[in-house]
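What follows is one structure encoded as structure tokens, with my remarks underneath.
Below, read A as the first sequence line, B as the second, and so on, with proteins coming before strands; counting in each chain starts at 1. The structure presented is a predicted model; accordingly, all values stated were derived computationally and were not measured.
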There are 2 protein chains.
Amino acid sequence: PTGGGKPKPPPVARYNLNNVTITPNPLENRENILLLTPMARFYPEYWDNLLRLSYPHELITLGFILPRTKEGNAATTELQKRITKTQKYGPEKDRFKSIIILREDFEPPLTSQDEAERHKMANQKIRRAAMARSRNSLLFSTLGPSTSWVLWLDADVVETPPDIIQDLARHDKPIIVPNCFQRFWNDEKKEMDERPYDFNNWQDSPTALDLAKEMGPDDILLEGYSEMATFRALMAYMHKEDGLLHEEVPLDGVGGAALLVKADVHRDGAMFPPFAFYHLIETEGFAKMAKRLGWQPIGLPNYKVAYPLALTI
Amino acid sequence: PTGGGKPKPPPVARYNLNNVTITPNPLENRENILLLTPMARFYPEYWDNLLRLSYPHELITLGFILPRTKEGNAATTELQKRITKTQKYGPEKDRFKSIIILREDFEPPLTSQDEAERHKMANQKIRRAAMARSRNSLLFSTLGPSTSWVLWLDADVVETPPDIIQDLARHDKPIIVPNCFQRFWNDEKKEMDERPYDFNNWQDSPTALDLAKEMGPDDILLEGYSEMATFRALMAYMHKEDGLLHEEVPLDGVGGAALLVKADVHRDGAMFPPFAFYHLIETEGFAKMAKRLGWQPIGLPNYKVAYPLALTI
Ligand SMILES: Nc1nc2c(ncn2[C@@H]2O[C@H](COP(=O)(O)OP(=O)(O)O)[C@@H](O)[C@H]2O)c(=O)[nH]1
Ligand SMILES: Nc1nc2c(ncn2[C@@H]2O[C@H](COP(=O)(O)OP(=O)(O)O)[C@@H](O)[C@H]2O)c(=O)[nH]1
Ligand SMILES: [Mn+2]
Ligand SMILES: [Mn+2]
């Protein structure tokens with residue numbers, strides 16, 4: 001009701017999925033990117049890195065989901081401070097198209113973000129099922145009809161090449177992942193060094209498939225645990241110092257630290273299973289589901305993104 | 001660039017999933033409904049029925065997806081005509097909050113909407129996988145952070161009680177389906193009659209589970225084919241003329257003709273598998289996936305919605 005005058009009719013939007021292109025030249029075609037980050041902790045370097053992205057910010061929508069913990073509250077506050085600074089007071093070219101912040105509506109299964117606790121094998125299934133639910137909530141609530149690409153970027157990825165979106169999209173793959181490294185102080189070499197970190201990017205092995213066959217319907221395979229040697233080929237170890245930057249390898253499992261997905265892959269139904277899906281869960285289950293839908297994930301062993309400095313050595 | 005003045009900063013939306021309620025009293029709590037319809041054919045009676053819904057239209061967003069066929073083009077034109085009439089020239093109370101129309105970006109596997117052709121068992125797996133992809137595209141592109149409920153309503157559902165949203169929500173179930181009937185001319189009784197129509201709402205049987213056990217990983221169970229007798233308990237046959245209107249039965253498989261889903265079920269990751277998921281596909285696979293996520297589907301055998309008059313008897 002707008003007083004006396006005739007009220008404006010509600011909007012009728014008409015979108016045509018065929019008009020939304022998903023091409024190797026997203027910049028030229030002004031394609032919309034949805035950049036999604038589940039965030040338990042706020043790293044200032046994460047935001048600094050976002051600001052350095054060379055893809056036009058006016059084509060990037062940011063989506064966040066944070067847990068309802070003390071840590072999540074603190075991260076939300078920090079995140080909002082930086083958002084206001086950028087969107088309200090920053091240079092126009094820094095500002096993103098729009099930003100959506102979601103808070104989880106379930107209790108997180110683990111309250112500790114302590115690395116040792118987080119990575120304990122017994123905790124992994126519960127933890128990763130919860131992570132899968134967070135990713136799905138974020139994805140289902142933010143993907144729109146005009147999104148061309150979804151870039152998943154974890155909150156602890158603090159350094160990517162500024163051209164990462166253009167670089168990855170250029171491969172024209174449904175799902176593509178760079179290699180993640182963690183910087184640390186190498187006390188032997190007495191210099192800064194880096195080591196492989198993300199063990200969710202892998203190619204399947206007969207051993208892993210055999211292990212899966214023996215499992216109960218709800219059991220899951222986990223990577224990077226000596227108790228469960230899978231002998232999968234890990235992309236983390238495929239990196240070659242003198243290799244081609246854009247070398248491609250096919251993958252059967254992917255991690256979510258940095259992951260570019262054509263929006264149509266998600267629209268087809270590919271999500272992050274919070275349950276055992278072919279004995280895989282979360283991002284690894286996503287890769288399997290995408291494959292079932294006919295989309296082959298690809299990894300770039302020599303294209304690197306960086307995690308924060310290791311706190312403990 | 002807006003000339004000389006300082007440009008307005010882009011919007012920063014902050015949503016809090018916890019503030020979006022999903023309650024048995026959606027009307028009182030002004031909860032947003034997303035009404036989704038895959039549409040191959042436009043029935044004027046479908047739109048007339050939408051207009052009769054008593055739930056405040058300003059809280060209902062409509063989403064459609066139509067195939068890229070001659071029939072789909074014709075349906076799009078008809079639909080747009082009725083939309084313009086309602087949204088632009090109709091009474092304010094008739095107008096919906098917003099409307100999104102998507103066109104499929106893949107070729108439909110079958111071009112014929114002829115009923116016999118559509119229902120041939122050999123065609124079902126391909127057809128239903130395509131339907132699942134359509135439903136997922138529609139869902140992933142339209143579900144927003146402020147959606148409380150998703151009402152799936154097929155384009156050939158031409159009659160529902162006007163209070164259907166309130167009536168179904170009142171049960172406070174994650175997934176709830178009414179019973180679908182088809183009207184026809186009963187030549188024996190010489191009067192209009194109705195017969196059960198939707199065979200996707202069922203309770204599992206030991207026979208069906210045994211059949212599934214013998215199947216290859218990509219095979220699916222189908223309901224309503226004498227070639228594959230499942231002995232499942234079909235909700236279609238549970239209807240009692242003198243039964244309680246709101247009687248509930250638990251279900252293991254559901255159809256999509258009319259289906260009310262709490263948005264959190266979808267946000268958790270429950271979608272329409274276009275592949276064999278526990279030997280189920282599309283809406284039946286959705287029910288199974290929801291169950292795996294801990295959400296129990298419920299059917300209302302005595303609460304009826306109607307399909308169009310049968311063209312052939
Ligand atoms: N929303 C949400 N995000 C989380 C939660 N736990 C971790 N994260 C974020 O999810 C991403 C992956 O988690 P992380 O703990 O780094 O997993 P790891 O890389 O496997 O050790 C990071 O961006 C975290 O900040 C949680 O409970 N809720
Ligand atoms: N977008 C889209 N919708 C379709 C297609 N085929 C059927 N539909 C719609 O999907 C719903 C279910 O299809 P229908 O043919 O009625 O299936 P049935 O009830 O199992 O016979 C109806 O609303 C149809 O109008 C298709 O190829 N694309
Ligand atoms: Mn991490
Ligand atoms: Mn139908």
(message) Among B:R133, B:R135, B:H266, which residue has the highest count of heavy-atom pairs closer than 4.5 Å to chain A?
(response) B:R133
(message) Please rank B:L62, B:D218, B:L66 by heavy-atom pairs under 4.5 Å with chain A and give me the top one.
(response) B:D218
(message) Report which part of B:I83 has an atom under 4.5 Å of a heavy atom belonging to chain A: side chain, backbone, both, or neither.
(response) side chain
(request) Evaluate the ring planes of B:Y46 and B:F64, with Trp represented by its six-membered ring, and classify them as parallel (under 30°), tilted (30 to 60°) or perpendicular (over 60°). (result) perpendicular
(request) Could you tell me how the ring of A:F275 sits relative to the ring of B:F277: parallel (under 30°), tilted (30 to 60°) or perpendicular (over 60°)? (result) tilted
(request) State, without any angle test, whether B:W295 and B:D268 hold a side-chain donor-acceptor pair at a distance under 3.5 Å. (result) yes
(request) Using only heavy-atom distances, determine whether the side chains of B:T86 and B:W47 contain a donor-acceptor pair under 3.5 Å. (result) yes
